[in-house]
Amino acid sequence: MIIAPSILSADFANLAADVKAVEEAGAKYLHIDIMDGHFVDNLTFGPNVVKALRPLSNLFFDCHLMVEDPEKYLQDFAAAGADLVGVHIEATKHAHRVISKIHQLGMKAEIVLNPGTSLEFAKEVLPLVDSVLIMTVDPGFGGQAFLEETVSKIAEAEKYRKEHNLNYQIEVDGGINDQTVKTAKAAGATIAVAGSYVFSQNTPEEQIKKLIEASKQVEK
């Protein structure tokens, strides 16, 4: 299972050091939450942060756009060095067009579903995406508890992938710790985003190792 630490919970004054620590601990992805203060209440990073971090890390930059009209920002994130851009199905009227544009810009495309959004709502674009992000908390801020009712959606996404011979990753985001990561993997998740669990401690590298080891305990 791929562990993707979220810098939403990192020390912003020592961001480069935190990113280096989790990379050295074995993380493969870096999850970067982009919030515009409209789609969700918080306001966070923009493409300039991605651009500043890009020369400092070899991690796969997983940029999660919690923004209205995400198509407006795709070019900027591609230029900044994003590897993947995730867009909420709830945030755009033109999901097919947005996914196509992400691919045209040389990035991987991900569709994101809020806890209250069914997988059915995204099935028309599932054959087009590289990844599906299932929110296991309501988006907008860190430190929330994992919503157990989202587990069935993770399992549904895996079942649909197998039945239709698709190859998207299944990512989960919210409330991930060394116990819920097992629950998510058992249901079919292949990528787990973890923020507060990793960065609320003084040793984020140790927290990453705990998540990696915990995920290995689940056979899939």
Side-chain angles (χ1 to χ4, degrees), residues 1-8 10 15-16 19-20 22-23 27-36 38-40 42-114 117 119 121-135 139 157 160-161 164-174 189-195:
M1 189 175 206
I2 295 169
I3 303 300
S6 169
I7 61 171
L8 183 63
L15 195 51
V19 170
K20 182 179 180 181
V22 296
E23 184 170 4
K28 302 300 182 186
Y29 278 35
L30 189 70
H31 192 78
I32 304 172
D33 287 306
I34 314 300
M35 304 181 190
D36 65 355
H38 297 286
F39 182 72
V40 293
N42 268 345
L43 183 66
T44 59
F45 314 109
N48 286 344
V49 172
V50 177
K51 184 177 180 180
L53 289 174
R54 183 72 280 175
L56 305 178
S57 175
N58 291 316
L59 290 170
F60 184 90
F61 279 12
D62 168 15
C63 296
H64 174 193
L65 271 56
M66 287 172 269
V67 303
E68 293 180 356
D69 301 319
E71 48 268 38
K72 295 179 180 179
Y73 308 101
L74 302 180
Q75 182 71 54
D76 290 339
F77 280 97
D83 294 297
L84 174 148
V85 166
V87 296
H88 278 258
I89 192 77
E90 307 90 356
T92 179
K93 297 177 182 178
H94 306 290
H96 185 284
R97 182 188 302 168
V98 172
I99 290 164
S100 297
K101 182 64 173 179
I102 293 170
H103 284 145
Q104 288 169 14
L105 290 168
M107 300 178 290
K108 292 187 180 297
E110 177 174 75
I111 202 71
V112 188
L113 304 176
N114 281 340
T117 303
L119 188 71
F121 198 57
K123 283 183 177 177
E124 293 298 326
V125 296
L126 291 182
L128 309 176
V129 299
D130 303 287
S131 183
V132 177
L133 172 54
I134 295 172
M135 294 299 299
Y160 190 88
R161 178 180 61 186
H164 294 81
N165 196 30
L166 303 176
N167 58 6
Y168 53 77
Q169 300 275 7
I170 300 173
E171 186 169 8
V172 291
D173 182 2
T190 57
I191 304 168
V193 177

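Source: prediction; values computed, not measured.
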| field | side chain to side chain donor-acceptor pair (under 3.5 Å) between Ser131 and Glu110, intermediate numbers included | value | CA-CA 5 Å; Ser131 183; Glu110 177 174 75; 2.6 Å; yes

To the closest 0.5 Å, what do you measure between [atom1] ([X]) and [atom2] ([Y])?
| X | Y | atom1 | atom2 | result |
| --- | --- | --- | --- | --- |
| Lys72 | Asp36 | NZ | CG | 9.5 Å |
| Asp69 | Thr92 | CG | OG1 | 7.0 Å |
| Ile7 | Phe61 | CD1 | CZ | 8.0 Å |
| Leu84 | Ile32 | CG | CD1 | 10.5 Å |
| Leu133 | Ile89 | CG | CD1 | 12.5 Å |
| His96 | Leu128 | NE2 | CG | 5.0 Å |

Leu126 vs Leu119, side-chain contact (heavy atoms from CB on, under 4.5 Å): CA-CA, chis, key distance, verdict: CA-CA 9 Å; Leu126 291 182; Leu119 188 71; 4.1 Å; yes

In chain order, what residues pass the side-chain hydrogen bond (donor to acceptor under 3.5 Å, both in side chains) check against [X], with sequence neighbours excluded?
| X | value |
| --- | --- |
| Lys123 | Glu120 |
| Asp62 | His31 |
| Glu90 | His88, Thr117 |
| His94 | none |

Could you tell me which non-hydrogen atom of [X] sits nearest to which non-hydrogen atom of [Y], and how far apart they are?
| X | Y | value |
| --- | --- | --- |
| Ala4 | Glu171 | CB-OE2, 4.4 Å |
| Met107 | Ala82 | CG-O, 3.4 Å |
| Val67 | Ala91 | O-CB, 3.2 Å |
| Ile99 | Ala109 | CG2-CB, 3.9 Å |

By side-chain contact (heavy atoms from CB on, under 4.5 Å), Gln75 pairs with (sequence neighbours left out) Leu105

Sequence neighbours excluded, the answer for side-chain contact (heavy atoms from CB on, under 4.5 Å) partners of Ala194 is Ile176, Val198, Leu211

Would you say the side chain of [Y] lies within less than 4.5 Å of the side chain of [X], judging by non-hydrogen atoms?
| X | Y | answer |
| --- | --- | --- |
| Val50 | Cys63 | yes |
| Val87 | Ile111 | yes |
| Leu56 | Lys20 | no |
| Asp173 | Val112 | no |

Chi angles and distances behind the side-chain contact (heavy atoms from CB on, under 4.5 Å) call for Leu30, Leu53 = CA-CA 10 Å; Leu30 189 70; Leu53 289 174; 4.2 Å; yes

So the side chain to side chain donor-acceptor pair (under 3.5 Å) pairs with at least one residue in residues 98-109 (sequence neighbours excluded) are His103-Asp130

Which residues satisfy the salt bridge (Lys or Arg N to Asp or Glu O under 4.0 Å) test with [X], sequence neighbours excluded?
| X | answer |
| --- | --- |
| Lys51 | none |
| Asp76 | none |
| Arg97 | none |

- request: Walk me through it: do Val193 and Asp33 pass the test side-chain contact (heavy atoms from CB on, under 4.5 Å)?
  value: CA-CA 11 Å; Val193 177; Asp33 287 306; 5.6 Å; no

Sorted by chain and residue number, the ring-ring contact (aromatic ring centres under 6.0 Å, His included) partners of Tyr73 (sequence neighbours excluded) come out as none

With sequence neighbours left out, the residues meeting ring-ring contact (aromatic ring centres under 6.0 Å, His included) with Phe60 are Tyr29

- Would you say Tyr168's side chain and Arg161's backbone share a donor-acceptor pair under 3.5 angstrom? yes

Item to complete: Begin with the C-alpha distance, continue with both residues' side-chain angles, and end with the deciding distance and a verdict on side-chain contact (heavy atoms from CB on, under 4.5 Å) for Asn114 and Met66.
Response: CA-CA 10 Å; Asn114 281 340; Met66 287 172 269; over 6 Å; no

